[in-house]
Amino acid sequence: MSNFFDSRVARWLDDRLDLSPIKNLVEHKKVPIHHHTVWYYMGGVTLFLFLVQVFSGILLLMYYRPGENSAYESMQFITSKVHFGWLIRNIHAWGANIMVLFAFIHMFSVFFTKAFKRPRELTWATGFILLVLAMGFGFSGYLLPWNELAFFATKVGTDIAGVVPIIGEKLKIVLRGGDDVTGATLSRFFGIHVAILPALTTVLLGLHLLFVQRQGMSEPEFFEELPEAKKHYIPFFPDFVLRDALLWLVVLIIILSLAVFFPWELGLKADPLASAPMGIRPEWYFMFMFQSLKFLPPHILFFEGETLGVLFFAVAGIFWMLIPFVKLQNGSINESKFFTYFGLATLAFMLGMTILGYLV
Amino acid sequence: MKSQLQLLKHLTALTIFMLTPYYLMGQDSSQSPGESQVNTCLECHEVLEVMPEGYSADDVHQAAATSCVGCHGGDATNYDMDESMSPAAGYIGIPSRQDIPKLCGRCHSHIDYMRTFRPRIATDQVDQYNQSIHGKKLAEGDQNVAECVSCHTSHAIFPADDPRSTTYAINIPNTCRQCHGNAELMDQYGLGHDQYDKYATSVHGKALLERKDTGVATCNDCHGNHGATPPDAESISNICGSCHLNNLTYFKQSQMAEDFDIHSCQECHGNHDIQPPTDQMLNTDSDTAICLTCHSVGDAGAATAFAMYRDIETVDSLYTLAQTKLKASQTSGMNYAEIDYQLQQTKQNLIQMRTLIHTFDTEEVKAKGADGIKTAKEAIHLAEMEIQEFQTRRVGYGLSTLAIVILAIAVFLKIRQRDEMLKQQ
């Protein structure tokens, strides 16, 4: 890579654009090596999967036609007539799920290694917003094939938005583009999926990556405490990037295999007049919230159970995003341990509720 | 003994009289018996437990407030049995068989009255009955033939579209069997008595009695009901044609119908025991060829039959092959919607060919067969393409995975090389 900066092209560019920050990054960025190094790859894989989503999404966009009478038909056309359409659609569907999975793994690995702490508060916050946006991508994209299951899942999902106090009903109408899930909802979700969310994601992802590059790799406490002689690093370019690339290739093979051997069903076309089919479930990453809301009693004190549940998740989400700013005053509590137990409890709650959601 | 029973009856009547609320007694006497709220006939008969055989409280006449007196006469408002069941009150008792059609016709032949119950009800039943074999025989004094109650019952009459009715489509074969399955009775008229048994094994009978398909032909669809008469040779075709319209149209235009006006559907298909037709009925190379009943191998008729058989068989075998290919495509998880569509077209062509044989025109059948061959071959072609695509995907997956694996190995080797280099530094 350093050879590149000696090339005539690089010199020509350097004269005009000053490539020294990039040169510095390439030549000096290093990655600590310890027994938690594996978690450093999670963000990179999520980024790679996001790029796969962008690429496959753009290809789908060539043939997908939003609309009550064209969305499902165009999906049928894509999966049956368009060359490799079936592959692109399945890569997009599988890629979405795996991306959200890696985003969660990335978030929890950052949490448990305490990498969110000062000075990386903003990196954490932008990362959390990116995860929320990824879930928004999932929710809006789920409806786009306009099949029976997606239709009713969106109905349930937007109903939940409707219980938010004061603004809930208005929010539901804005999301649906009317009182009910109709073709207007589909157009709206399409716009959200291919324009609004990508725009927001681009800005936040740009900031997130910028912060990461500015701050370098986070070093866990135990690594920081090691004597300098015992600290091992590898250069980011090309050694860490090569390892990243190897993992990306493995993930690509996994997605390809899933797309070929476990293709996603298109299902039946949505029929607003039909009764809801059995087994309507949200995507797996919404399951912990969905299942928790189901467990709540209809009324808790003067509030509706569901309203309280939705408020709880909203507050919990904001708290989670702002967790780097939490300072424990009481010196008797080990802050590091407190965060570990809090993270474990959160993870156990999410996993437990998700498993229950699929069993009950 | 008889006077004791009489006394008991009077006492019972008196008890009912005493117990009946006053307002019922004060009814307007100008009200006709049929419209009366009081039915003393029913009240006494229920208490005495001398109800008519097969009586149903849901009987259509009971529900329409025609009540007992509508047929039996008498006064249903009077609790005095002697008075209410006296000739002076119009009581006629059990009507004689000869009188029944006339009695029913008092209401059922009057459209003004009948349409108060059902605006589109027919009122020609008695007229039709009088012209039927049953009606004529009854008029001659024959006590064995069917009249209204033989089919409709006396006291459990329901509209024909009510499944409880003896004249509901599924119940009709059994209703007719009551007389037409009685060998002793039918022998008197020189008629067979195995029609029900034959019908039950026929394509129509199985559909009606086993699958409960009320759309298929049952006894009255061919023989009529009130005007029941055996259909003659020419009318049989018209009767079958009331459902099998295309077959009749083609047949009537055919040379067969022109040259031999005695030909009718039943000559090839039978009557009560009609079986599902098979292509083998045309195969003059086999013993099953129905055409060989009249024709002989080598004559023009047999040649026509065999030519039609061969064309149908060609399309049918292609259809079967295409179905196998469709299944292979389905089990591979490939798209089969268009193959299925082409197969439906072939099936449609086959059905049309099997209908067109009633033209006895080989050219017509061949032309339709050409369409069938085209759609079947298209289905086979599409299915083969899907199966080919399935293979291509497998190979493509294998090759692309191999390429990615090679790339991954190259990256891995590069990492190792770099690690070695870093160690040496």
Side-chain angles (χ1 to χ4, degrees), chain A residues 1-2 30-33 37 41 44-45 48 52 72-73 75-91 94 232-269, chain B residues 322 325-345 378-425:
Chain A
M1 198 70 188
S2 54
K30 54 189 184 171
V31 179
I33 299 296
T37 303
Y41 296 103
V45 174
F48 166 68
V52 169
Y72 183 82
E73 287 74 8
M75 287 302 295
Q76 271 185 327
F77 184 75
I78 287 169
T79 49
S80 62
K81 295 279 174 201
V82 178
H83 282 302
F84 296 106
W86 59 275
L87 184 65
I88 299 299
R89 189 256 163 158
N90 281 306
I91 285 177
W94 272 115
H232 293 297
Y233 295 92
I234 55 167
F236 185 75
F237 286 104
D239 300 85
F240 188 78
V241 171
L242 278 174
R243 284 167 169 78
D244 247 346
L246 183 60
L247 184 60
W248 293 11
L249 289 172
V250 172
V251 170
L252 186 63
I253 293 177
I254 292 171
I255 296 182
L256 266 180
S257 307
L258 288 170
V260 172
F261 297 109
F262 302 98
W264 284 73
E265 275 185 17
L266 187 54
L268 295 172
K269 187 178 173 176
Chain B
K325 300 256 181 193
L326 169 80
K327 203 159 264 179
S329 171
Q330 272 176 324
T331 46
S332 308
M334 301 301 286
N335 170 41
Y336 60 90
E338 205 164 316
I339 308 167
D340 203 29
Y341 173 75
Q342 293 295 341
L343 262 184
Q344 292 299 328
Q345 295 291 311
E378 179 63 17
I380 292 167
H381 170 67
L382 288 171
E384 281 172 350
M385 272 182 41
E386 288 295 334
I387 295 162
Q388 179 66 40
E389 169 73 7
F390 175 69
Q391 298 296 344
T392 312
R393 283 184 192 183
R394 290 178 69 161
V395 174
Y397 168 74
L399 288 177
S400 53
T401 308
L402 186 68
I404 300 170
V405 167
I406 289 171
L407 190 60
I409 291 171
V411 172
F412 177 71
L413 291 174
K414 181 73 186 167
I415 292 169
R416 281 188 56 179
Q417 188 196 12
R418 286 278 312 167
D419 284 353
E420 288 296 319
M421 216 170 77
L422 286 173
K423 264 186 200 166
Q424 282 168 10
Q425 282 174 0

In terms of heavy-atom proximity below 4.5 Å to chain B, should [X] be classed as side chain, backbone, both, or neither?
X: Trp248(A); result: neither
X: Leu252(A); result: side chain
X: Phe261(A); result: side chain

Chain A contacts: which residues in [range] have a non-hydrogen atom closer than 4.5 Å to it?
range: residues 336-343 of chain B; answer: Glu338(B)
range: residues 413-420 of chain B; answer: Lys414(B), Ile415(B), Arg418(B), Asp419(B)
range: residues 378-389 of chain B; answer: Glu389(B)
range: residues 396-410 of chain B; answer: Tyr397(B), Ser400(B), Thr401(B), Ile404(B), Val405(B), Leu407(B), Ala408(B)

Handout entry: Lys269(A) NZ: over 12 foreign heavy atoms closer than 6.0 Å
Key = yes
Exercise for the section: Run the numbers on Thr79(A) and Asn335(B) for side chain to side chain contact (heavy atoms under 4.5 Å, CB included), then give the verdict. Expected result: CA-CA 8 Å; Thr79(A) 49; Asn335(B) 170 41; over 6 Å; no
Completion exercise
Counting heavy-atom pairs under 4.5 angstrom with chain B, the leader among Pro263(A), Ser257(A), Ala259(A) is Ser257(A)
